[in-house]
Amino acid sequence: MSSVFSRVKSDFKTSENIRTELVSFVVSVFAFLSHVCFLLLFAFLDVKEMFYFNIVSVIFFGILFFTFKKESYLTRYILCTIEVIFHQIAADYYIGVPSSFHYYLLLMALIGSLALENNKKTSIFFGILCSAVFLGIELFMSDMTPVYILPAKTLKIIKAVNISLSLFVVVIIGYTFIVTVGKAEEKAQRQFERANNLLTNILPSHIISRLKKSSGNSNLSDYYQNVAIIVVDIVNFTKYSTQLEPKALVGILDELFSRFDTLLLEYHVEKIKSHGDTYVAAAGMPYVQKETYSNTAQLALRMNEVMNEFNKAHESSFQLRIGIHCGPVIAGVIGQRKFTYDLWGSTATFAYRMNTTDIPG
């Protein structure tokens with residue numbers, strides 16, 4: 001029993017729950033406790049048939065509650081609904097329709113609509129069944145003389161209790177529904193923001209907007225007249241890579257390129273990609289600014305400063321080669337998976353050649 005409560009409590013805290021599990025849990029608790037109360041009630045009223053009926057019901061719901069598992073909710077709901085239908089018909093037959101036991105049928109119809117989220121046809125079927133039985137009791141059993149004639153005051157008290165309990169469970173289920181849906185929406189929003197942030201770190205924002213509207217067509221390209229391309233790599237890093245452990249190698253590139261990423265924000269330059277020890281960025285896309293070329297040149301100088309600071313901090317002697325060229329380029333995204341934003345044209349080719357032929361530092 002404690003494990004059931006602790007799991008559901010943990011679900012509420014961590015939001016790792018589903019509406020079905022929590023609604024089923026609430027219903028299981030209510031059904032078990034309410035049938036214990038009905039057992040005592042019918043014993044007090046000396047309604048023997050319903051007393052024995054409730055002994056079976058208490059055992060039945062006790063087993064369902066203490067073996068509560070979310071995987072079997074559909075089977076449990078069907079069994080519970082069948083029990084409730086026969087139980088309420090029997091209760092109204094023995095002590096009269098004014099006792100309002102049949103109102104629990106409406107509760108079962110509501111539970112089906114909330115709990116059977118993956119079984120819509122079953123939910124509709126049992127919703128109609130419970131409603132039909134409720135209507136049948138109202139129409140055909142209201143004028144029947146019950147087996148046990150109880151005082152009018154006693155019937156009113158039982159009726160008030162039954163309706164109150166039904167409304168109480170409706171409120172509890174409604175609250176559970178609101179909480180789980182609210183948590184699901186918050187989780188979905190966090191996941192959306194996280195995915196959006198990841199996408200922003202992969203592709204330029206103007207490309208992301210167009211991809212979202214492209215209906216699956218990822219072949220997006222643009223022509224830009226005045227773009228400054230900067231290509232940076234670490235001199236002889238391939239030789240160093242054979243002497244370094246994997247973690248140390250990746251750590252160096254991660255720290256250095258992360259510092260470069262910070263510089264790009266300061267100089268309004270767009271990172272295009274990094275591959276191996278090469279870092280590529282461009283300015284003037286999608287909008288050309290007056291400082292496009294000067295910003296790119298200043299960025300290159302700052303990158304060398306960052307490299308010197310890195311060497312001083314780590315007692316290393318790395319050097320950069322930086323190639324810059326300006327002119328027209330074609331930029332875009334190709335492919336259907338693992339999108340890559342890239343640049344093409346003689347300007348990009350020349351920038352790469354500048355990078356490979358210039359003097360280290």
- [ ] Look at atom CD1 of Ile359 and say whether more than 12 heavy atoms of other residues, nucleotides or ligands are closer to it than 6.0 Å.
- [x]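 Not more than 12 within 6.0 Å, no.
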Are any non-hydrogen side-chain atoms of [X] and [Y] less than 4.5 angstrom apart?
X      : Y      : answer
Asp233 : Tyr279 : no
Val97  : Met144 : no
Met354 : Arg321 : no
Val269 : Leu263 : no
Asn162 : Tyr103 : no
Glu49  : Tyr148 : yes
Val280 : Ile230 : no
Ile322 : Ile324 : yes

Task: Heavy-atom donor-acceptor pair, His35 side chain to Ala31 backbone, under 3.5 Å - done: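 Side chain of His35 to backbone of Ala31, a donor-acceptor pair under 3.5 Å: yes, one is there.
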Open item on the list: If we ignore hydrogens and angles and just use 3.5 Å, is the side chain of Ser131 paired with the main-chain N or O of Gly127 as donor and acceptor?
Closed with: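 Yes.
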TODO: Report the residue from Phe53, Phe86, Phe38 that forms a ring-ring contact (aromatic ring centres under 6.0 Å, His included) with Phe101.
DONE: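 That would be Phe38; it is the only one of Phe53, Phe86, Phe38 passing the ring-ring contact (aromatic ring centres under 6.0 Å, His included) with Phe101.
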- [ ] Could you tell me which non-hydrogen atom of Val58 sits nearest to which non-hydrogen atom of Val36, and how far apart they are?
- [x]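 Taking every non-hydrogen atom into account, CG2-N, 3.8 Å.
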Open item on the list: Between Lys312 and Glu309, does any side-chain N to carboxylate O distance fall below 4.0 Å?
Closed with: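 Between Glu309 and Lys312 there is no salt bridge, as every charged N stays at least 4.0 Å from the carboxylate O atoms.
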TODO: Measure from the ring center of Tyr52 to the ring center of Phe42 and say whether it is less than 6.0 Å.
DONE: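 Here the rings of Phe42 and Tyr52 have centres that are no less than 6.0 Å from each other.
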Open item on the list: Go through it in stages, so that I can follow the logic: the residues are Arg259 and Val306, the test is side-chain contact (heavy atoms from CB on, under 4.5 Å), and I'd like the CA-CA distance, side-chain angles, deciding distance and then a yes or no.
Closed with: CA-CA 7 Å; Arg259 294 190 187 188; Val306 166; 3.6 Å; yes
Open item on the list: Ignoring hydrogens and geometry beyond distance, is a side-chain donor-acceptor pair present between His102 and Glu138 at under 3.5 Å?
Closed with: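 Yes, Glu138 and His102 have a side-chain donor paired with an acceptor closer than 3.5 Å.
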Open item on the list: Please evaluate residues Ile252 and Phe237 with respect to the criterion side-chain contact (heavy atoms from CB on, under 4.5 Å), reporting the C-alpha separation (whole Å), side-chain torsions for both, the decisive distance (0.1 Å), and the verdict.
Closed with: CA-CA 11 Å; Ile252 291 172; Phe237 194 77; 4.1 Å; yes
Task: From Ser100 atom OG to Ile163 atom CD1, the distance as rounded to the nearest 0.5 Å - done: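 The CD1 atom of Ile163 is 4.5 Å from OG of Ser100, to the nearest 0.5 Å.
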